[in-house]
Structure formats: structure tokens, C-alpha cells
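Right, one structure below, let's go through it.
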Amino acid sequence: MPFSKVSGAQIYWKMDGREGAPVLVLLNSIGSDMDLWDPALAHLRDQFRLLRIDTRGHGASQAEPGDYTLSLLAEDILAVAREAGVDSFALAGVSLGGMIGMEIALSHPGVLEKLVLVCTSATMDAASWDQRIATVREKGMVAIAEMAMGRFLSPEFRAEEPAVYDVVLRQLIATDAQGYAGCGAAIRDMDLAGRISAIACPTLVVTGTRDTSTPLEGHGENLLQTIPGAQHLALEAAHLAPLEAPEALAAGMTSFLTN
Ligand SMILES: O=C(O)CC1=CCC(=O)O1
């Protein structure tokens, strides 16, 4: 299993897809891991070389105690890409993964060929993240599981796919509380809002009509109005769009990334 040691943590990554094809880095949300992309992989693997990376503190990547920053999480991704022999790439990130993508686009212009921002935002309510971080550090993941699942997946999807819902819930609860809290601090402290007008790579903003965490109103629309030339794809999905609408998401991404 490939791991890269970056700033004190082992970061887990996996390369898939067609050899020699353009590289697409796929990043997960807080409280999930690279498996989030599994349902979309079948629709992406013939077109792209897929580099999936478990965000620090998530999946098989190590969780260090303390607050993380978007800058640290961006450096993790860049270090893994270097170790995998990749200098420039397209990136698609869900929620926290999209925030990391925006940070890379801003701090390392020229590295990202294209950026896909899936159900994400340049700003979230800092006070509620502070509360969530404190709860997780004090009481563990179970204490926030029901609330977080309500933001991840729609009631309709839960009713249609109860087994998938249970897998996501198990992954969320299995997430290291230190890793979740560390990444929560990166979300709480992000300073993207005043900077994203400088994103220079072509950007696709994907929103979910059922997303209550980062809906079009107040989140996606801010990205669309501020990132120069940003394009929009609306999907019938909640926050974890790669699970609720994998085929439509992959089709939209492929069309944007290959044209
Ligand atoms: O609001 C949530 O719990 C969902 C979420 C916010 C950032 C992220 O990565 O997921």
C-alpha cells in the first residue's frame, strides 16, 4: 500500500485508471475517505489516471493531534503527487477536498490544470465548527454522527440505499476523532473567501439540489460569482454527490475536463 511521509504523518494514496492518461486527483470530504469516489470510478477510469488520497486524519492516513490548516492539507497533496511522479494535474474535491483544491490553486498557481469543486464553499460558520470540534474532542465521533449524516445524505437516498447509508455511517464513526477535529479546524479557520477571485485555472462548481451543508444559495453561488469564468453543474444530490449521483457527476466532470 503506498504511503508518503509528509510533515510528521503517513498519507495513504492509491493510483488507478488508465496508464498514460491525464492525471485526476480525487479528494474526500471531512468524515469520509477515498472510498467516497468508488461508485464514480467505473465512469472515470478509462479517461483518467486517478490518484486518490486519504486526507490527513482520515481513512488510512495518519491522524496527528492538534489543529490542521488548509495550507498543511494542501502540502500533503502536493507531496504525494511529487512522490507519485506527477507535476501538474486536474483535481476534484468534495467539500473539504474542494477547499484544499482552492488552496492549491491559490498557493501553487500552475500546478492545477483544472479544478472541480463538488459541494463545497469558501466559507463556513466558524462558531458551529468550533462547537463541533470541541464535541468530537470531548465525546468522540458518535456524538456528532447523527447530525453529520443528516448533512451528508438525503432522506430519499437513505430510504433507497440503506446499506450504503450504513457503510458511510460506519466510516464516519471509525474516523479518528483527532483527525476529524484537526480537519474541522482547517475548515473553521479557512481564509479563502477574499482570495478566490485570483483562481486562474478553469473551474467547475458542482452543487447538489438536496445539499443542506453547502447549497447553491450562499455557498455555490458565491464560488460561481467570484471565481473567474467558473462553470456550473447542478445535480440531484445531497452533500456526498459522488454517492447520490455518481454517473451524472462523472459525466459532467469528464465533459468539463476533456473539453
Ligand atoms: O457539514 C458537514 O458536516 C459536511 C461537510 C462540511 C465540510 C465537509 O468536508 O463536509
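One-based numbering, in listed order, for ligands and for the atoms of each.
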When you compare the side chain of L233 with that of L204, does any pair of heavy atoms fall below 4.5 Å?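 Yes, at least one pair of side-chain atoms sits under 4.5 Å.
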
Could you go through L96 and L73, starting from their C-alpha distance and side-chain angles, then the distance that decides it, and tell me whether this counts as side chain to side chain contact (heavy atoms under 4.5 Å, CB included)? CA-CA 10 Å; L96 171 61; L73 300 175; 4.2 Å; yes

Scan side-chain atoms only and decide if [X] and [Y] contain a donor-acceptor pair under the 3.5 Å cut-off.
X: E236; Y: T209; result: no
X: S4; Y: Q10; result: no
X: H219; Y: T214; result: no
X: S95; Y: H239; result: yes

Could you tell me which atoms of ligand 1, counted from 1 in the order shown, lie closer than 4.0 angstrom to a heavy atom of [X]?
X: R132; value: 1 (O), 2 (C), 3 (O)
X: H239; value: 4 (C), 5 (C), 6 (C), 8 (C), 10 (O)
X: L96; value: 8 (C), 9 (O)
X: S29; value: 9 (O)

Look only at interatomic distance and state if [X] has a nitrogen or oxygen under 3.5 Å from any nitrogen or oxygen of ligand 1.
X: I30; answer: yes
X: R151; answer: yes
X: S213; answer: yes

I need the nearest protein heavy-atom contact for atom 8 (C) of ligand 1: residue, atom name and distance, please.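 Protein heavy atom with the smallest distance to atom 8 (C) of ligand 1: S95 OG, 2.6 Å.
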
Residue portion contacting ligand 1 (non-hydrogen atoms closer than 4.0 Å) for I187: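 Looking at I187 and ligand 1, just side chain atoms fall under 4.0 Å.
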
Test: side chain to side chain donor-acceptor pair (under 3.5 Å). Region: residues 139-152. Which pairs qualify, not counting sequence neighbours?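 Counting only pairs at least two positions apart or across chains, the side chain to side chain donor-acceptor pair (under 3.5 Å) contacts touching residues 139-152 are R151-S213.
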
